[in-house]
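Worksheet for the structure shown next.
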Amino acid sequence: MVTVTESPGVVGAVETSDKVASHLHAVASFDLADHPMPHGREEVWRFTPLKRLRGALDDTPTHDDESGPAATYEVRAGDEVLLGTLAPGEEPRGRGLVPGDRAAAVASKNTEKALHVKVPADTLVAEPVHIIVQGGAGKRSNAHHVLEVGTHASVTFVVEHRGSGVHAGNVEVIVGDGANVSVVSLQDWDDDAVHVGQHEATIGRAASYRHVSISFGGDVVRLTSNVRYDGPGGQAEMLGLYFADAGQHLEHRLFVDHNEPKTRSNVDYKGALQGAGAHSVWVGDVLIRKVAEGIDTYESNRNLVLTDGCRADSIPNLEIETGEIVGAGHASTTGRFDDQQLFYLQSRGIHEDDARRLVVHGFFNDIIRKIGIPQIEEKLLATVEAELEKTV
Amino acid sequence: MATLEIRDLHVTVDTGGAHDGSDGPKEILKGVDLVIRPGETHAIMGPNGSGKSTLAYSIAGHPKYTVTRGSVTLDGADVLAMKVDERARAGLFLAMQYPVEVPGVSVSNFLRTAKTAIDGEAPKLRTWVKDVNTAMAAMKMDPAFATRSVNEGFSGGEKKRHEILQLELLDPQVAVLDETDSGLDIDALRVVSDGVNRFKANGDRGVLLITHYTRILRYITPDFVHVFVDGRIAEEGGPELADRLEAEGYDRFTTTTV
Ligand SMILES: Nc1ncnc2c1ncn2[C@@H]1O[C@H](COP(=O)(O)OP(=O)(O)OP(=O)(O)O)[C@@H](O)[C@H]1O
Ligand SMILES: [Mg+2]
């Protein structure tokens with residue numbers, strides 16, 4: 001059971017108006033009326049188990065009460081990083097993110113004071129800025145974080161999601177010209193958590209942006225990660241790693257909008273699935289607009305199915321409106337655990353469970369290395385190990 | 001010191017079911033008898049498709065093959081009752097005709113994990129690093145291979161040298177070499193043969209060498225040569241039999257096949 005789709009070449013240019021966005025994407029809007037409650041047959045919702053969202057799409061305020069806040073947010077940052085809040089519509093909130101679906105719209109609407117983390121121009125922040133989101137059991141929380149990075153600044157943000165509850169959270173990233181920004185989002189939830197939201201970046205001229213989405217925990221996680229360019233020459237690297245266990249639904253949707261010339265994007269997501277009802281969804285949309293000449297894009301999703309009863313949906317979409325590009329391609333594979341590899345390792349005396357472990361670690365190895373943040377790497381290796389303990 | 005004893009071995013392969021017109025299991029090995037005593041080197045030669053790799057894989061325990069009759073023992077212990085990794089730890093080694101790529105697992109990690117499993121304890125770090133470097137140098141493998149993924153992107157000849165590198169480091173009792181000489185250039189053939197001979201010099205090691213060419217037998221002298229035809233051994237002899245096969249081919253054994 002292996003499916004491969006590969007189209008490294010360039011399909012002929014399609015003549016369309018510059019206003020037409022990818023057909024898969026509803027028009028982005030802050031107005032909740034533009035995002036009616038889905039019934040499940042909509043293209044962008046058809047994979048999501050709506051019944052298990054536990055009201056994540058309801059227009060509900062954050063459940064802070066006398067028993068405590070619905071979620072706590074701890075920011076660990078050095079003095080060079082400025083912290084504040086932003087009301088809806090208060091600059092620069094909304095410059096980088098406009099809700100593309102109902103989940104993002106309710107999160108935005110119900111966040112009066114968005115966390116504003118600002119890195120001034122030309123500032124090189126050595127230690128990662130750490131934002132820890134701790135969700136409270138049985139509570140609904142809304143969040144919107146604005147990460148604003150000035151021109152030629154350099155910083156890594158780690159947004160770590162822990163705990164339980166229902167969380168609708170957006171992350172808006174404004175990457176200044178020539179800046180170098182990494183955002184790592186860790187979904188390390190308890191088993192019963194629900195997490196929906198949108199991460200979106202606008203990438204300045206010749207800036208470089210890296211977004212890493214890592215999903216291990218939670219009952220349902222549905223994250224949309226988008227990028228758009230605010231000038232030519234920017235580059236985006238979108239990495240993802242997930243491990244879906246029995247009954248878990250992990251959905252990652254990406255949209256790279258090549259709306260400026262000479263921009264680059266590389267999407268690379270890898271996931272493993274194990275246990276009955278484990279479900280992963282990866283949808284990678286790349287739009288190359290007519291103005292986006294000289295761009296280069298590649299997207300890849302690989303899934304490793306460890307046991308029976310899992311389902312991996314993997315859908316790359318490439319829409320090309322100009323043929324004047326350097327390259328555009330995508331690959332999607334979903335493969336069963338390779339018995340030949342297991343046999344080879346075992347034939348060298350390696351116990352079956354150790355052999356399995358080696359193969360799965362090997363599968364994730366290149367992604368983990370690409371992330372390039374030592375603390376995260378160690379944590380990931382340990383987490384993959386813990387996940388494997390569940391099967392072997 | 002260990003004797004590998006194969007008696008009346010019958011093996012079938014699952015051809016994938018009836019829907020494609022095939023008829024379930026197909027018998028490949030049809031009664032193989034072979035005894036490899038400590039210190040002996042046996043060569044097996046035979047036409048394509050006669051079942052040589054099937055024999056090698058069956059000894060190693062590949063899940064694709066089913067033993068329907070007969071026995072395989074290593075010093076009296078029932079090999080067929082052992083799992084794949086148990087067979088390796090009991091002292092068997094298979095250098096594969098087509099070594100498998102394992103992406104993301106570095107050669108050095110792989111070698112150390114295998115050595116630890118075979119010995120039952122982790123090797124002493126300092127001597128181990130030295131042993132690996134020495135063995136790689138002897139196999140004329142660039143040290144950079146240690147950080148590459150197992151067999152990934154290796155050339156055909158590099159894969160074969162990597163197999164013999166493992167042979168030397170793991171030092172089993174009995175080694176089955178399935179066409180290790182195929183695809184090697186003249187220098188690499190020498191390097192690989194020297195590796196096998198060093199392994200033999202460890203003392204009382206058994207070797208089962210599957211090959212199509214007498215060339216390698218000039219470097220690794222066999223004590224016995226077996227002609228393998230249609231799932232069994234059709235004739236046995238000394239090293240001179242190999243020369244005769246080279247001159248005459250398999251015609252006189254395969255009169256009925258195309
Ligand atoms: N899945 C299968 N279905 C049908 N026949 C199979 C299957 N697997 C192996 N065989 C057959 O088993 C026979 C023996 O194969 P084997 O690889 O053991 O031959 P060999 O002697 O090693 O050949 P070579 O010299 O080419 O390496 C071949 O005819 C092969 O086609
Ligand atoms: Mg063969």
Side-chain angles (χ1 to χ4, degrees), chain A residues 1-2 4 239-241 243 268-272 300-306 331 333-372 377-378 380-381 383-385 387-388 392, chain B residues 56-65 82-121 147-152 159 162-163 165-167 169-173 175-176 178:
Chain A
M1 191 205 64
V2 179
V4 186
L239 305 175
L241 191 161
F243 207 124
D268 193 358
Y269 269 63
K270 279 192 167 186
S300 157
N301 173 230
R302 304 195 186 280
N303 293 296
L304 179 61
V305 177
L306 297 175
T333 64
T334 297
R336 280 218 153 261
F337 194 83
D338 188 341
D339 291 335
Q340 297 295 339
Q341 294 178 355
L342 205 58
F343 171 73
Y344 187 76
L345 297 173
Q346 279 186 268
S347 79
R348 270 47 176 156
I350 300 171
H351 295 263
E352 183 177 346
D353 45 359
D354 290 334
R356 245 171 211 288
R357 237 177 242 134
L358 272 179
V359 171
V360 176
H361 275 296
F363 173 73
F364 282 127
N365 194 30
D366 57 340
I367 285 277
I368 292 179
R369 278 198 198 167
K370 271 193 200 171
I371 293 169
E377 273 185 40
E378 278 161 39
L380 284 182
L381 289 171
T383 311
V384 169
E385 193 64 33
E387 292 286 341
L388 282 169
V392 296
Chain B
Y57 277 133
S58 301
I59 294 169
H62 194 291
K64 183 174 134 183
Y65 303 95
M82 300 177 196
K83 288 195 279 194
V84 177
D85 47 303
E86 289 171 338
R87 297 180 194 206
R89 294 199 297 277
L92 290 172
F93 180 87
L94 169 60
M96 295 184 202
Q97 185 174 357
Y98 302 109
V100 181
E101 300 187 357
V102 191
V105 177
S106 71
V107 166
S108 68
N109 186 14
F110 164 65
L111 292 175
R112 191 169 14 85
T113 308
K115 184 67 175 171
T116 304
I118 296 279
D119 289 2
E121 58 177 352
T147 58
R148 286 176 62 177
S149 292
V150 170
N151 294 322
E152 196 179 41
K159 283 182 182 166
H162 181 225
E163 294 291 282
L165 175 76
Q166 295 167 52
L167 172 70
L169 290 170
L170 301 180
D171 191 23
Q173 294 296 317
V176 179
D178 190 359

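Per chain, numbering begins at 1; letters A, B, ... match sequence-line order.
If you tally non-hydrogen atom pairs under 4.5 Å between each of B/Asn151, B/Val150, B/Thr116 and chain A, the highest count goes to B/Asn151. Your options are A/Ile350, A/Leu358, A/Asn365, and the one with the most heavy-atom pairs under 4.5 Å with chain B is A/Ile350.
Between B/Ala88 and A/Gly349, the closest heavy-atom pair is CB-N, 3.2 Å.
Here B/Tyr57 pairs with A/Phe343, B/His62, B/Tyr65 under the ring-ring contact (aromatic ring centres under 6.0 Å, His included) rule; sequence neighbours left out.
Residue B/Val84 is tested with A/Gln346, A/His351, A/Glu352 for a side-chain contact (heavy atoms from CB on, under 4.5 Å); the sole match is A/Gln346.
A distance of 14.0 Å separates CZ in B/Arg89 from CZ in A/Arg348, rounded to the nearest 0.5 Å.
Counting only heavy atoms from C-beta outward, the side chains of B/Lys64 and A/Gln340 never approach each other to under 4.5 Å.
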Could you list the donor-acceptor pairs under 3.5 angstrom formed between side-chain atoms of residues 92-103 of chain B and any protein atom two or more places apart in sequence or on another chain?
unit_1: B/Gln97; atom_1: OE1; unit_2: B/Ser53; atom_2: OG; d: 2.7
unit_1: B/Gln97; atom_1: NE2; unit_2: B/Glu179; atom_2: OE2; d: 3.4
unit_1: B/Glu101; atom_1: OE2; unit_2: B/Lys159; atom_2: NZ; d: 3.4

